[in-house]
Structures are given as structure tokens and as C-alpha cells.
Protein chains: 2
Amino acid sequence: MARVTIHDIAREVNSTPSTVSKALNDHPSISAATKEMIKAAALNLNYRQNRLASSLRSGKTNIIGIIIPSSDIGFFGAVVHGIEKVARSNGYNILLFQSHETGEYEVEGVETLLQTSVDGIIASIAKDTPNLDHFYDVKKRKVPLILFDRVKDELESPSVVVDDYRGAYMATEHLIGQGYSRIAHISGPQHVKIFNDRLCGYADALRAYNLPVDDDLIQYGKTSIESGQLCAEQLMQTPRKPDAIFAAVDITALGALQRIKQLGYQMPGQVGLIGFGNESFSPYVTPSLSSVDQQPARMGEESFQLFLNAMAKKGNGQIVEEETEAPTKIILDPVLVIRESSQRKHV
Amino acid sequence: MARVTIHDIAREVNSTPSTVSKALNDHPSISAATKEMIKAAALNLNYRQNRLASSLRSGKTNIIGIIIPSSDIGFFGAVVHGIEKVARSNGYNILLFQSHETGEYEVEGVETLLQTSVDGIIASIAKDTPNLDHFYDVKKRKVPLILFDRVKDELESPSVVVDDYRGAYMATEHLIGQGYSRIAHISGPQHVKIFNDRLCGYADALRAYNLPVDDDLIQYGKTSIESGQLCAEQLMQTPRKPDAIFAAVDITALGALQRIKQLGYQMPGQVGLIGFGNESFSPYVTPSLSSVDQQPARMGEESFQLFLNAMAKKGNGQIVEEETEAPTKIILDPVLVIRESSQRKHV
DNA sequence: CTGAAAGCGCTAACAC
DNA sequence: GTGTTAGCGCTTTCAG
């Protein structure tokens, strides 16, 4: 009961392995009649292609590698979902690695992926990756590399990120539209790019509507509930209290939500609130938390599309061409998710 | 700049491919000296093994396939996390497929996995899988098949599930321990096994503590917030109101939580509440929701362990042996996560 | 302890 | 339109 091979089929139909192979792969130079016959025989014998042999010979695995910090984080789970979905529909499969935010695992993952001759790699870089050598290695091997969310421009790879500035702008604008006018912001550590971008989006939106940007209304917190609580409390103690808060992360927004309620303010009546990230808990807190969605699934789909583009270019014989053009950078528009916490006006 | 192969190394050190291969694989019949020399040369030439070739020849890929409904569901993301973690530390990689709850995709996934000659498959069966032929095919091909969470006993495969009965029992017991005595239950459709199991655990716990099992205190809802709200409302309208509720899913627990608060009851003072599933939102609602954790990551780890066992057996030459013993079934103990909603007593 | 030979199952030139 | 030939890069008997 050994495995059925194309030799077996060839014997069965009095043909040869190469003809069988071509027929099964719908090669144009095989007559319709033979194709049909061979395919019937294959079905009959319960033939199943050996992709290892095929890949080894053809140099193409139809497998792409994914490296993410952890599949246990909702955001990345959703991105993987998006990638897998469109990858499969294009005949590609997914080899999944987690870096656990560790450079070491990331290096290991890249190494294994390269050994497996994957056709491409889609990655989101770990927080503590000390150097990028392993990724440069990928590029040197001419394996398409696509980055998403946790991007490094130095790698000069196609990438997809969400527009943090714009998301913050939209959130702030929404609050303004709801009639709030003293809008505070709970930001995060400024050396992290996204937090700075979101702060800028916030400030610019205020300016665009001729509202003052008041330093007293900007808090720099950490990414935790407690920090959100604290920041909210301090904001409500300022002489001229805010009537709304835009928090740079949902988790601090939640902390703020709790404290604001505790202090006896009506939400969204007296104080409006919006977060960023659209976490899985956001719809379920009370009042439900408005937020900015980063479209993770879409991010995955676009990443795969970028991989496909890279493949096409490669096939085009442009392999040797100097990298004249900058790599494609897709900047996704975030989407506003309006729930109770920010909706002062009746709909 | 073609790929470096063991031939290149052999040439470099005046040896042969077979010796190089053995040295690189730490084969016992190679002297330490040669090993060292060959490894040095390999490093020097920047050699990277071609796993395709290796797998094709050896018949072992060190890849296992995973089939889950969707990586966008927190539970499955966590399971995958667990599997990948221990798989990697044992030298295995993960090929990931989503069934999207669809039999068709599941079949496709199994087919591709088999074509790729994976060493094993770990799966959680899609809801609408009409027949199990594809999984029987896996078994026929002697590829180890492990099931988790969504299990089918007919497949007679090793599996890991969580003990629903016990989780419900523990939850109910916990409420009793907190001094609640009229404990209601919001269940789900009884044709779904887990809901029936949880109902039994609930009832048995009451009996064990000599509390009556009152039909008026059992609601059969759907898996939605709204259903939870409705069930809670009806429970609070019964002549002799409950002083605590155990909900079979966190999402109905949340609906109950909202309605109970709305009706003006103190929680956990007047009404205690506990859910099941420990969803990602549960820590963040107010009051934070006690729940029963299903240990998804652990489930993944155990699943992989089961795969390893199956491999060991296979290697043992027991291939032909009749399946005398029933397949291992690991039943994980759920863990109680006590938060505010159920904690009446001071700690 | 090392090497020679064979081949895993497939595809891709090239002939016919 | 079909068949022949030659490997992809590796591991694995089996000789020596």
C-alpha cells in the first residue's frame, strides 16, 4: 500500500511520467483527450501529488511564512485570519511563527523559513529585536519580504500600516462634531511613534476647528487601566475641566471610563470618550466604548496582495534591476466605530 | 551565487556529500574531528539546509498541520499560541488552515496537508462539517490525528477537551461558598452537548450542598447579550428571586450583568454572577466578571504532546497493531477565575 | 569511521 | 502532442 505516484498512473494508462505530470498540471501542450484520461486514472487510483517533490524540483513551494509576536493577541490573530483567507484563495499556504516579542525567536523563525524555501515572508517585527540582520538576509536571498504594523523603514520593504495620525484626527473631529469643545487627550510614551502620531492628529484636528490646544488637557500615560484612571482623574481636577477625552489606546480609555463614572459624571452627557484600537472588550463595557478600528484583517489581506505583487515583479525578470523606486507603502485608513461613550447628540 | 549545498562543502573539505550530511546531522559514526571541521566549513560557506530535499528523502517534514475554524476567535488564537510554542521547542513547525466553519474548506485543508506530507494534524472540527470522510482519510494514511475542543468520538482519535461538567460544578460551588443560596442558571440550547453538561454540573453542585434544584431558576437562552438580558429579567421576576446567577457563557452573563444593574440591584451584594469561558472582555466590564477559564493555551500544548505520543508509538513499530486500547482523551480541569461579580465575602 | 551508489517523486529541457 | 533524459539536494543502505 505504498503511495501512488505519477509512475503508477503512467503505467496504468500506458504513458510516461512526464506526460502524466503535464496533464495533471494542465500544461497546454497536452491534448484534451489525454488530459481527461489521465485525470480519470489519477482519480481512480486515488493519486495525491507529493508537494515536496514538486517544490524541490520546481523551486516553488506555494508556502509563505508569517512571523508575528503572538497569535494570542487579538490584533495578530485577525491579521493572520486575513492573510490566510486570501492566501488560500490564491493557492498559498501559511507557515506560522511566533516571535514572542523576542529577537532570538524571530531569527530562528526566519532561518527555518529560509530552509523551507518559502516563497515569501510576511512579518511584524518583535519589540526587542536588537538588529535586523536576519531580515536583510531574507532580502539578500531574494525572498520577498512584506512588513505590517511593526515596520522598519530601513529594510526598504513593501509594508502596510494604519494611519495613526488620521485615526486620531477622525476621533477628535468626531468629538467636536458631537458638540464637545474642551477635548483632552491621554497619550502614551512619546518615543513610541504611534503615540506621537496620534497626538499630532489630535492637535491638528483641534486647530482645524479653531479650538485651542491646551497643554493642561494632555496627559502622558502608560498602556494600562490604572494609568487611564489616574490620567482621567488628573484631567478632571484641572481648573477648566474637559468635556471629552480622546485616549490613544482603548485600555487607557477604559480606565478613564471607570474613573469618570466613579467621580459621578454622566457619560456621554457630561464627558464624552473615545479610544483607539477597537479592542474586543470595547463593545461590552458600559457605556460601550467608541474607538478607532485598525482593520487588522484588511491589513493581512493587503499584505498578501503586496507579496503577490512582489512575486509578479520577480517573475518579470526584474530581479537584477536596481531598486530605483521606493517600496510600496500602503497606509490604511482607520475606521471610526461610534458607540455610546461619545455619542452626545441623538441620532 | 547559487545556493550552497553539501556538495560544495564536501568539495571544500575534500570529503563526500554523504559524510557531510552525516556530520551535519550529528550521526554517531562520524568522528568528532571531522564533524567539527565540516561544521566549520558549513558555517564559513553560509550553508543552509534545504528542508524540502531532506524531507523528500527522509519522509519526515517536521511540520504539523493545524485546522481551526478561525484564527480571529480569541480561543483558537490562544490554542494555536500554545501549540506553536511547544511545537517549536520540539523542532516542529506549523502549517495553519482555517475552515471558516465550513466543511468544504476543511476538506481542502486536509487534502493540502496530506499533499505536503505533514507529520501530523491537529484539528478542531468545523460546525457544519457534514461528514468525516476527510478525517478518516487522514487515519487511513497513518498520519497522526489529534482533535481538540470540537471533538468527534467516532473518529477514535486522541483528543483534549475541557471538563464542562466540572467547570459548572466549580462555578456553582463557588457561589454557594460565597453565601448565595438561590442560584439560578442561564443555559443554552440543550442539543449542544456542552450546555447540557454545564447544566448537569450546576444541578449536581446544588444537590451536593442540599440546595433544591428549582426549574423556575433555569432559563434556556441563546448565545447573545440580548438573550442574557432577557433571561436575567425573567429570573428577577420569579416569585422567589435568585440571589445569584451562573451563566453558561460569558456573553449571556454580560447581558445578565447589564440588566441586573439596570434593575437597580447591587452586584455582587444582592445578586452574584459568574460566567463561563473567560472571554477577553470579562475582566473589563463593571463589575469585573467572574468566570471559568478553559485554558486554551494549555489545550494546545496538550494536543501537541498527544501528537508526540502518537509519533512515538508509530516509531515503535506498532504500526500494524490492532487498535486495542481506546485513544487517549485528556480532559482538562477548567480554572475558576474569581473577580468582583461573584465575590460577596471579604477576602 | 568514511565513501559510493541509489533514489525520494516530481518537473523541465529537449528531442522526436 | 508525447516521450526521454536528467536532475532538484538530500539521506540511506551498504561496502570498504
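Within every chain, numbering begins at 1; the chains are lettered A, B, ... in the order of the sequence lines, protein sequences first and strands thereafter. All values below come from the heavy atoms of this structure, side chains included, with hydrogens, waters and symmetry mates left out.
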If a pair satisfies salt bridge (charged side-chain N to carboxylate O under 4.0 Å, His left out) and one of its residues is in residues 125-136 of chain A, list it, with sequence neighbours excluded.
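Qualifying pairs, neighbours excluded: none.
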Need the bend value for the helix from dC1(C)-dG16(D) to dC16(C)-dG1(D): angle between end axes, 5 pairs each end, nearest 10°.
30°
Just the endpoints, please: which first and last nucleotides of DNA chain D, 5' to 3', lie under 4.0 Å from a heavy atom of chain B?
dG9(D) to dT13(D)
Contact list for DNA chain C against residues 47-60 of chain A - heavy-atom distance below 4.0 Å
Y47(A), Q49(A), N50(A), A53(A), S54(A), R57(A), S58(A)
Please list, in numerical order, the residues of residues 31-45 of chain B that have a heavy atom closer than 4.0 Å to any atom of DNA chain C.
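Going residue by residue through residues 31-45 of chain B, the ones with a heavy atom under 4.0 Å of DNA chain C turn out to be S31(B), T34(B).
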Produce the list of close N/O pairs, under 3.5 Å, pairing protein atoms with atoms of nucleotides 13-16 of chain C; give distances to one decimal.
from    : atom 1 : to     : atom 2 : distance (Å)
dA13(C) : N6     : K22(A) : NZ     : 3.4

Taking salt bridge (Lys or Arg N to Asp or Glu O under 4.0 Å) as the definition, give me every residue that meets it alongside [X], ordered by chain and number, with sequence neighbours left out.
X: K35(A); value: D26(A)
X: R57(A); value: none
X: E104(A); value: none

Electrostatic pair K329(B):D153(B) at N-O distance under 4.0 angstrom:
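Looking at K329(B) and D153(B), the cut-off is met.
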According to ring-ring contact (aromatic ring centres under 6.0 Å, His included), does anything in residues 42-90 of chain B pair up with another residue at least two apart or in another chain? List the pairs.
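Residue pairs passing ring-ring contact (aromatic ring centres under 6.0 Å, His included), neighbours aside: H100(A)-H81(B).
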Got a sec, which residues hit side chain to side chain donor-acceptor pair (under 3.5 Å) with E101(B), two or more places apart in sequence or on another chain?
R150(B)
Taking only residues two or more places apart in sequence or in another chain, which ones pass ring pair (Phe, Tyr, Trp, His ring centres under 6.0 Å) with F307(A)?
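Listed in chain order: Y92(A), F304(A).
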